[in-house]
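The structure appears right after this line, and notes come after that.
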Amino acid sequence: MPHTLDPALRRALVERVRYYHELGIYDFYRREPALGHSAEIGSAAAGSVQAASSASYSGSQSELREEMSARKSAAIPVVAEDNIFEIAAPKPEYGVADPATALKLIREDLGDCTRCKLHEQGRKQIVFGVGNARAELMFVGEGPGADEDAQGEPFVGRAGQLLNNMIKAMGLRREDVYIANIVKCRPPGNRTPERDECETCSPFLMRQIAVVKPKVIVALGAVAAKNLLAINAPMSELRGRWYDFKPAGVRSNDSAWPGARLAVTYHPAFLLRDPRQKGEAWKDLQMVMKYLGIEPPKKAAE
Ligand code: URA
C-alpha cells in the first residue's frame, strides 16, 4: 500500500541521503518490517517488489531447490513507494540514452564489489550479465557456478549449454537475449544465495533491467522467481502464468516503458537432473514466444 511521507520528514531524508552521498556512500538497502504473513500470488506484488520476512535462504541443497517447499524470500531493492534515494542519489546511467553505455556505467559503479560477504568467500570474479543491451527477452538465473566464476559470464557451464539450446529452440540466438543472475558472485559450494546477499545485489540487477527494458523476463528457477516477485510459493504455482514486473527503486530512461511481463520456468540445472520436466519448461517458453510473436524455427526435415 503506497504511503505518503510527511514533507518535512521527506526533506530530512533527502538531506541525510545527500550527506551520505557526499561521504561516498551510494547504496542503501531497505529492510521491510516483518509482516507476519507472506505475499500471495496474484496480489499485485509482481515487480514493485514488496513483502518480506526474516526467513533465511540458507541451508537447502541445490537438488532440492526447484520444488522446495515455499520459503519466504524477497529482494527489497532500494525504495518502493517513495523515491527519496532516487531523488537524492541519481544513478550514473540516468539520462544515458545508449543502453550498452548505461550498462557499462552500472558495471563501473559496481566496481570490485565488496558489499556482501560473497566477495570473501572464494569468488574469482563478478559475473555481471551478458547479451543484447536492447534485448526484448531477458533470462535471470540464481547465481554463478564454478564455470561462470571462472569465465566471468553467466550460464556458460552445463546449465548454460542447456539454456543455449532452449534459446535456440525458441528461434533466437544467445546474443539476442540478455542474461543475468540474482547474485553476481558465486556462492561457495554453489549454495543458495542468502537473503542479505540477494538484497545487496538485486539493486544492480534492477538497474540492468531498467536499462535493457525487456518486454519479457524469464525467471529461471525458484530462487530467481521468488526474489524478483517477492512471492512465496512453490514452482508448481509460480509457473504457467504472467506477472507484471517493474524494477523497484530505479527509473528507466524511457518513461514510456510499461515494465516487463515476467514468466517463471524451471532452472536448466534442474532440467539436467530431471529431463522429464523439459516438456513443461517448453510450455513456459512457448507462452513467452507467443507473447513476443516468435515462430519456432522449422525443423530441417519439414
Ligand atoms: N546457474 C545460475 O543460476 N546462473 C548461472 O549463471 C549459471 C548457473
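Note that this is a predicted model, so its numbers are computed, not measured. Whatever order the structure lists ligands and atoms in, that order sets their numbers, starting from 1. Each residue takes its place number in the sequence, starting with 1. What you see below is based on every heavy atom in this structure, not just the backbone, and it leaves out hydrogens, waters and symmetry mates.
When each atom of ligand 1 is checked for a heavy atom of Glu142 under 4.0 Å away, the hits are 2 (C), 3 (O). The contact set between ligand 1 and Gly141, taken as ligand atoms under 4.0 Å from a residue heavy atom, comprises 3 (O). Remark: ligand 1 atoms within the under-4.0 Å shell around heavy atoms of His267 are 1 (N), 2 (C), 3 (O). Annotation for ligand 1: atoms under 4.0 Å from non-hydrogen atoms of Pro154 are 6 (O).
Within the 4.0 Å heavy-atom shell around ligand 1 one finds Gly143. Distances shorter than 4.0 angstrom do not occur between any heavy atom of Glu153 and any atom of ligand 1.
Inclusion of Phe155 in the set of residues having an N or O under 3.5 Å from an N or O of ligand 1 is warranted.
Protein heavy atom at the shortest distance from atom 4 (N) of ligand 1 is Asn181 OD1, 2.8 Å.
Within the 3.5 Å criterion, the main-chain N or O of Gly145 finds a donor-acceptor partner in the side chain of Glu148. Side-chain atoms of Asp149 never come within 3.5 Å of backbone atoms of Arg186 as a donor-acceptor pair (strictly under, hydrogens ignored). With hydrogens and angles disregarded, no donor-acceptor distance shorter than 3.5 Å links the side chain of Glu237 to the backbone of Pro234.
Residues Arg107 and Gln208 have side chains that never bring a donor and an acceptor to within less than 3.5 angstrom of each other.
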**Worked verdict on Phe139 versus His267 for ring-ring contact (aromatic ring centres under 6.0 Å, His included)** = CA-CA 10 Å; Phe139 289 93; His267 194 288; over 10 Å; no
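At least one test fails for Arg261 against the ring of Phe245: distance under 6.0 Å to the centre or angle within 45° of the axis.
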